[in-house]
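One structure is given below, encoded as structure tokens.
Heavy-atom basis, side chains included; hydrogens, waters and symmetry copies ignored. Positions are given from 1, in the same order as the sequence printed here.
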Amino acid sequence: MKLYDTHAHLNDPIFADDLNDVLKRARDAGVCRINIVGWDIQSSRDAIRVSEKYPDILRAIVGFHPNYSAGWRDSWLSELEKLLENPLVVGIGEIGMDAYWSYASLSDQEKAFRSQLMLAKDKGLPVVLHIRKAFDRVLPILEEMRPQKALFHAFSGGTNEALWATERGYPISVTGVIVLGSKRLRSVIRRIGLSWLVVETDCPYISPIKGHRNEPANVRLVVEKISELLNTPLGYVAQVIWENSSRFFLNAPLRSP
């Protein structure tokens with residue numbers, strides 16, 4: 001069984017002391033690929049640095065999280081563009097808008113979002129979307145700018161938003177909240193089925209095991225729960241989700257040598 005954790009923050013300092021052990025547990029659980037995701041320039045550089053240390057299993061996604069877009073400057077985009085030259089970078093993210101927190105104004109968030117969407121289009125790269133309490137703001141921008149590949153990270157919408165995404169060819173990503181019993185996400189998964197699903201841990205956040213730090217090995221629990229919900233053999237579910245993830249990320253223009 002091959003598993004792909006499409007969104008992890010192994011560039012977080014919380015993993016600095018035991019990353020080798022974390023990756024061993026991931027491999028033992030069947031995880032063959034992990035995307036390390038940035039949230040600003042430094043964390044994006046760190047995503048690349050960590051990926052370069054373990055290129056057999058890690059890839060980097062670089063970008064500005066909406067909560068880190070306060071005082072947005074065009075020069076930040078130039079810095080980001082330089083990072084895209086690294087062949088281990090497979091996407092731009094996590095980008096989008098967040099109306100739950102107020103770390104950055106919605107105006108700055110939208111400037112950062114539009115700028116990064118345009119960069120992704122210019123480079124032919126997928127985007128990984130962070131949308132929190134902001135579907136009403138983000139969907140019209142996506143409709144206008146039409147990125148070729150967009151992934152709805154840590155999907156928190158309902159069936160209507162999921163259908164909007166999949167009708168445009170955009171997959172949604174399932175986290176450990178499905179293991180914790182999210183009724184809304186269960187309904188979404190049953191409605192859209194396997195064809196548009198990928199999985200992630202978003203570690204160290206959203207742990208499916210309460211009281212424990214999340215890590216990539218736990219993506220297996222997410223796949224197992226999807227298998228249970230759809231009453232479909234685990235091996236088949238894992239295969240389809242791996243293929244969905246691979247089409248989205250591994251076919252990106254920037255590839256490892």
Above 12 or not: heavy atoms from other molecules or residues under 6.0 Å from CD of Q148? no

Measure the spacing between CG of L80 and NZ of K123 and express it to the nearest 0.5 Å. 10.0 Å

Validation row: R33, R59 side chains within 4.5 angstrom (heavy atoms): yes

Less than 3.5 Å apart, which donor and acceptor atoms pair up between the side chains of residues 174-185 and the rest of the protein, not counting sequence neighbours?
unit_1 : atom_1 : unit_2 : atom_2 : d
T175   : OG1    : V177   : N      : 3.3
S182   : OG     : L185   : N      : 3.2
R184   : NH1    : S156   : O      : 2.9

If you apply the rule side chain to side chain contact (heavy atoms under 4.5 Å, CB included), what do you find for V222 with N218, and how did you get there? CA-CA 7 Å; V222 179; N218 291 334; over 6 Å; no

Main-chain N/O of G158 paired with E161 side-chain donor or acceptor, under 3.5 Å: yes

Could you tell me whether R168 atom CZ has more than 12 heavy atoms of other residues or ligands within 6.0 Å of it? yes

Where the side chain of D108 meets the backbone of G71, is there a donor-acceptor pair that is under 3.5 Å apart? yes

What is the minimum heavy-atom distance between S51 and A60, and which atoms define it? OG-N, 3.6 Å

Tell me, with the steps shown, if Y4 and V219 meet side chain to side chain contact (heavy atoms under 4.5 Å, CB included). CA-CA 8 Å; Y4 195 144; V219 79; over 6 Å; no

With no hydrogens and no angle check, is any side-chain donor or acceptor of S245 less than 3.5 Å from a backbone partner on I241? yes

Distance-only, no hydrogens or angles: does the R220 side chain make a donor-acceptor pair with backbone N or O of A29 under 3.5 Å? yes

May I ask you to test the H7-D202 pair for a side-chain heavy-atom distance under 4.5 Å? yes

In one Ile/Leu/Val/Met/Phe/Trp/Tyr side-chain cluster, 4.5 Å: Y236, M1: yes

Can Y68 be reached from L77 by stepping across I, L, V, M, F, W or Y side chains whose heavy atoms are under 4.5 Å apart? no

Rounded to the nearest 0.5 Å, what separates atom CZ in R186 from atom NZ in K225? 7.5 Å

Heavy-atom distance under 4.5 Å between the side chains of F64 and I41, does that happen here? yes

Of all the heavy-atom pairs spanning W196 and I192, show the shortest one and how long it is. CB-CD1, 4.3 Å

With a 3.5 Å distance limit and no angle check, can you tell me whether S43 reaches the backbone of D40 through a side-chain donor-acceptor pair? yes

The reported gap from CD1 in I226 to CG in L221 (rounded to nearest 0.5 angstrom) is 11.5 Å

Side chain to side chain contact (heavy atoms under 4.5 Å, CB included) between E79 and R45, intermediate numbers included: CA-CA 10 Å; E79 293 182 67; R45 291 191 183 115; 3.5 Å; yes

Shortest non-hydrogen contact from A104 to Q109? O-NE2, 3.0 Å

Backbone of K111 reached by a side-chain donor or acceptor of R114 within 3.5 Å: no

What are the two closest non-hydrogen atoms of C203 and P216, and how far apart are they? SG-CD, 3.6 Å

Strictly distance-based, threshold 3.5 Å: is any side-chain N or O of E81 a donor or acceptor partner for the main-chain N or O of L119? no

Can you tell me how far the CZ atom of F113 sits from the CD atom of E110, to the nearest 0.5 Å? 9.0 Å

Short side-chain to backbone donor-acceptor contact, E215 and A26, under 3.5 Å: no

Is any side-chain heavy atom of I189 closer than 4.5 Å to a side-chain heavy atom of L197? yes

Validation row: I36, Y54 side chains within 4.5 angstrom (heavy atoms): no

Over 12 non-hydrogen atoms of neighbours within 6.0 angstrom of CG in D74: no

Run the numbers on I34 and L23 for side chain to side chain contact (heavy atoms under 4.5 Å, CB included), then give the verdict. CA-CA 9 Å; I34 305 166; L23 292 177; 3.8 Å; yes

Do T201 and D5 get their side chains close enough for a donor-acceptor pair, meaning under 3.5 Å? yes

So P66 and W101, do their side chains get closer than 4.5 Å, heavy atoms only? no

Count I, L, V, M, F, W, Y as connected when their side-chain heavy atoms are under 4.5 Å apart, and connections chain through other members. Are I95 and M118 then in the same cluster? yes

More than 12 heavy atoms from other groups under 6.0 Å of CG on D56: yes

Answer with yes or no whether the hydrophobic clustering places F15 together with I209; edges join I, L, V, M, F, W, Y residues whose side-chain heavy atoms lie under 4.5 Å apart. yes

Report whether M97 and Y103 are members of the same hydrophobic cluster (ILVMFWY, side-chain heavy atoms less than 4.5 Å apart, transitive linking). no

The single option from H65, H153, H9 passing ring pair (Phe, Tyr, Trp, His ring centres under 6.0 Å) against W39: H9

Could you check W164 against F135 for ring pair (Phe, Tyr, Trp, His ring centres under 6.0 Å), going step by step and ending with a plain yes or no? CA-CA 11 Å; W164 186 97; F135 280 95; 9.0 Å; no

For the CG atom on D28, are there more than 12 heavy atoms of other groups (residues, nucleotides or ligands in this structure) within a distance under 6.0 Å? yes

Do E224 and L234 touch side chain to side chain, with heavy atoms closer than 4.5 Å? yes

Give a yes or no on whether the backbone of L194 and the side-chain of N244 come within a donor-acceptor separation of less than 3.5 Å. yes

Which pair of heavy atoms, one from D18 and one from R25, lies closest together, and at what distance? OD2-NH2, 4.0 Å

Rounded to the nearest 0.5 Å, how far does CG of L139 lie from CZ of F152? 5.5 Å

The reported gap from CG in L3 to CH2 in W242 (rounded to nearest 0.5 angstrom) is 8.5 Å

Closest approach of A99 to A134 (non-hydrogen atoms, all atoms of both residues): N-CB, 4.2 Å

Pairwise side-chain contact, L58 with V50, heavy-atom cut-off 4.5 Å (strictly under): yes

Heavy-atom donor-acceptor pair, N11 side chain to D46 backbone, under 3.5 Å: no

